[in-house]
Amino acid sequence: AKASHTTATMWKIVGFTLLVVLQVAVAQRPRGRGGAAGCPQDCFCYPNSFAYCRNMASIPVGLNPRTRGLLIADSSLTTIPKNAFMGLPYLVELNITENAVASIHPDAFNGLKKLQRLDLSNNKLKPFPGAAIGKVAKQLKSLNLGGNLIAGSLTADSFKGMEA
């Protein structure tokens with residue numbers, strides 16, 4: 001009878017542990033796909049304030065203002081408009097890669113006072129977006145423009161204000 005009581009207690013502990021693990025897994029599951037609050041359709045929003053958006057035709061609207069990282073990939077963005085990220089003051093990392101971005105408004109990055117990493121690689125940028133990048137240049141620690149067609153438009157002043 002004592003062995004059966006020990007076995008029953010062991011199964012209760014295993015069951016409780018499994019329940020806790022499942023609840024944690026569900027709580028940490030990325031939100032999105034249903035347009036949950038703070039997470040637009042076609043975005044996956046993670047508890048660590050990072051959002052991954054794909055299949056976007058425009059900059060996602062309605063992200064949590066505390067978002068610190070935003071990846072927009074495999075989308076058809078062609079332009080980054082004025083004040084595109086104004087509602088995301090805590091954004092530290094912005095990655096817009098594998099899109100068709102050909103133009104960036106000079107005021108596209110207004111309000112991104114904490115931005116440190118900007119990746120605009122593998123787009124269709126032809127002229128160097130100096131006016132837009134110049135507004136965040138002093139705070140950037142990393143800038144990736146690889147895979148664009150900007151080489152012909154680079155000048156000695158293109159990266160003025162940026163530290164190596």
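Considering all non-hydrogen atoms of both residues, Asn122 and Glu98 come closest at ND2-OE2, 3.1 Å. In plain terms, the two heavy atoms of Met56 and Ser75 that are nearest each other are N-OG, 2.8 Å. The shortest heavy-atom contact between His105 and Ala132 is O-CB, 3.5 Å. The nearest pair of heavy atoms linking Ala108 to Phe85 is O-CD1, 3.7 Å. Nearest heavy-atom pair across Pro60 and Ile72 is CD-CD1, 3.5 Å.
In this structure, a donor-acceptor pair under 3.5 Å is absent between the side chains of Ser49 and Thr67.
Residue Leu71 is grouped with residue Phe44 when hydrophobic side chains (ILVMFWY) are merged at heavy-atom distances under 4.5 angstrom, including chains of intermediate members. There is no path of hydrophobic side-chain contacts, each under 4.5 Å, that joins Tyr52 to Val92.
Residue pairs meeting the disulfide bond (SG atoms under 2.5 Å apart) criterion with at least one partner in residues 59-139, sequence neighbours excluded, are absent.
Surrounding CZ of Arg117 are more than 12 heavy atoms belonging to other residues, nucleotides or ligands, all under 6.0 Å away. Within 6.0 Å of OH in Tyr90 there are 12 or fewer heavy atoms belonging to other residues, nucleotides or ligands.
Between Leu120 and Ile104 there is a side-chain heavy-atom pair separated by less than 4.5 Å. Looking at heavy atoms from C-beta onward, Leu88 lies in side-chain contact with Leu63 at the 4.5 angstrom threshold. A 4.5 Å side-chain heavy-atom check between Pro40 and Val61 finds every atom pair outside the cut-off. Looking at heavy atoms from C-beta onward, Phe109 lies out of side-chain contact with Asn83 at the 4.5 angstrom threshold. Side-chain contact between Leu77 and Ile96 is present, with heavy atoms from C-beta onward closer than 4.5 Å.
In this structure, Asn123 contributes its side chain and Leu125 its backbone to no donor-acceptor pair below 3.5 Å. Checked by atom type and distance alone, the side chain of Asn148 never pairs as donor or acceptor with a backbone atom of Ile150 at under 3.5 Å. Judged by distance alone, with hydrogens and angles left aside, the side-chain atoms of Asn99 form no donor-acceptor pair with the main-chain N or O of Val101 at under 3.5 Å. Looking only at distances, a side-chain donor or acceptor of Gln139 sits under 3.5 Å from a matching main-chain atom of Leu112.
Taking CZ from Arg54 and OG from Ser76, the interatomic distance works out to 12.0 Å, rounded to the nearest 0.5 Å. With values rounded to the nearest 0.5 angstrom, Asp107 atom CG is found 8.5 Å from Met86 atom CE. Rounded to the nearest 0.5 angstrom, Leu143 CG and Leu115 CG are separated by 9.5 Å. In this structure, CZ on Phe50 lies 9.5 Å from CG on Leu91, to the nearest 0.5 angstrom. Taking CZ from Arg68 and CD from Gln116, the interatomic distance works out to 8.0 Å, rounded to the nearest 0.5 Å.
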Query raised in the report: Run the side chain to side chain contact (heavy atoms under 4.5 Å, CB included) check on Lys135 and Asn110 step by step: do they pass?
Result: CA-CA 8 Å; Lys135 299 206 174 163; Asn110 280 355; 4.1 Å; yes
Query raised in the report: Can Ser121 and Asn144 be said to form a side chain to side chain contact (heavy atoms under 4.5 Å, CB included), step by step?
Result: CA-CA 6 Å; Ser121 62; Asn144 185 354; 3.7 Å; yes
